[in-house]
Amino acid sequence: MHKTKLALALTAALCASCGPGNSGDKDPAIPGTEGYDPAKIELARKSNCFSCHAMGKKMIGPSLKDIAARYRGDAGAEERLIHKVARGSSGAWGSIPMPANSPPVPEADIRALVKFTLELK
Ligand code: HEC
C-alpha cells in the first residue's frame, strides 16, 4: 500500500520534469520567458531552441539576450543569423557547434525566431 503510493508520487514527480517531446501535456513555463510574446515563446519551445538556449543565462548555447546584445546595431546580423540557425553554426561563441535546425524547423519560423531574439533587451 505504502509502496504503491510512493511509486505513484515518484512517477508524478519525474513526469513534471519530462520536458519537450512530452506532447499533449501543457509544459511547465520556461524560466525567464514571463512577459514576452507567448506566441514567440511557444514557437521557440516547439522548435526545440530552449533545449540549448535560455533567455538570460548560458546553457549549451549562448543566452538569447547575449545574442541580442552582441549583434545590436549590426544591420546585416538578421540575415546572417537566419542562415546560421538554419544551416548550423560553429566557432562564434565557443567550441560547441549548433547543428542545423532546418529541416525540421521551417525557414519562416527561423526568421521569426531570429527577429524575436535580436529585439530582446
Ligand atoms: C543542440 C543545441 C542547440 C539548438 C537545438 C539550438 N541552438 Fe542555437 N546555438 C547553439 C550553440 C552551441 C551555439 C553557439 C554556436 C557557435 O559558437 O557558433 C548557438 C548559437 C545560436 C545563435 C548565434 C549564432 C552566431 O553566429 O552568433 C543563434 C541566433 C541561435 N543559436 C538561435 C537558435 C534558435 C532560434 C534555435 C531554435 C530554432 C536554436 N538556436 C537551436 C546550440 C543550439
Side-chain angles (χ1 to χ4, degrees):
M1 187 61 165
H2 260 85
K3 274 203 169 142
T4 317
K5 272 198 178 153
L6 185 62
L8 279 175
L10 272 175
T11 314
L14 285 173
C15 242
S17 57
C18 283
N22 180 18
S23 59
D25 293 349
K26 206 172 178 324
D27 288 296
I30 292 153
T33 58
E34 302 82 6
Y36 294 102
D37 180 353
K40 297 286 166 34
I41 298 299
E42 172 56 19
L43 183 61
R45 190 198 61 75
K46 78 166 190 193
S47 306
N48 215 24
C49 313
F50 289 134
S51 326
C52 299
H53 295 280
M55 297 298 284
K57 65 171 194 222
K58 185 182 184 305
M59 294 204 324
I60 295 166
S63 86
L64 297 185
K65 287 183 184 174
D66 283 348
I67 296 172
R70 177 164 178 173
Y71 296 107
R72 192 154 290 142
D74 179 343
E78 188 172 315
E79 286 308 317
R80 278 198 329 272
L81 291 183
I82 289 166
H83 186 81
K84 292 183 82 175
V85 174
R87 307 275 165 260
S89 174
S90 64
W93 291 83
S95 53
I96 310 172
M98 171 166 64
N101 287 285
S102 169
V105 185
E107 292 269 337
D109 289 355
I110 290 176
R111 185 168 289 275
L113 288 165
V114 167
K115 264 185 188 297
F116 168 75
T117 301
L118 290 177
E119 283 164 9
L120 292 171
K121 295 256 152 49

Query - Distance (rounded to the nearest 0.5 Å) between Ile30 CD1 and Met55 CE - result: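 Taking CD1 in Ile30 and CE in Met55, the distance rounds to 9.5 Å.
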Query - Nearest-0.5 Å distance that lies between atom CD1 in Ile82 and atom CD1 in Ile110 - result: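 The CD1 atom of Ile82 sits 8.5 Å away from the CD1 atom of Ile110.
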For the student: nearest non-hydrogen atoms of [X] and [Y], plus distance:
X: Ile41; Y: Phe50; result: O-CE1, 3.5 Å
X: Ala54; Y: Lys57; result: CB-O, 3.4 Å
X: Lys121; Y: Tyr36; result: O-OH, 4.4 Å
X: Ala77; Y: Leu118; result: C-CD1, 4.4 Å

Can you run down the salt bridge (charged side-chain N to carboxylate O under 4.0 Å, His left out) pairs that involve [range], sequence neighbours left out, and say none if there aren't any?
range: residues 95-115; value: Glu78-Lys115, Glu79-Arg111, Arg87-Glu107
range: residues 33-42; value: Asp37-Lys40, Glu42-Arg45
range: residues 64-74; value: Asp74-Arg80

Requested in this report: Please list all pairs passing the side chain to side chain donor-acceptor pair (under 3.5 Å) test where one or both residues lie in residues 90-101, with sequence neighbours left out.
Outcome: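 Residue pairs with at least one partner in residues 90-101: there are none.
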**Report entry** Residues in side chain to side chain contact (heavy atoms under 4.5 Å, CB included) contact with Ser89, at least two apart in sequence or another chain
**Finding:**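 Partners of Ser89 by the side chain to side chain contact (heavy atoms under 4.5 Å, CB included) criterion, ordered by chain and then number, come out as Lys84, Ala92, Met98.
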Query - Heavy-atom check, side chain of Pro62 versus side chain of His53, under 4.5 Å - result: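 Side-chain contact under 4.5 Å: yes.
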Report task. May I ask you to list the residues sharing a hydrophobic cluster with Ile60, side-chain cutoff 4.5 Å, ordered by chain and number? Result ->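 Ile60 shares its hydrophobic cluster with Ile96.
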Query raised in the report: Would you say Ile67 and Leu43 are hydrophobically clustered, going by side-chain heavy atoms of ILVMFWY under 4.5 Å?
Result: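 Shared cluster, no.
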Query raised in the report: Are Leu120 and Leu113 grouped together when hydrophobic residues (ILVMFWY) are joined by side-chain heavy atoms under 4.5 angstrom apart?
Result: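 No, no single cluster joins them.
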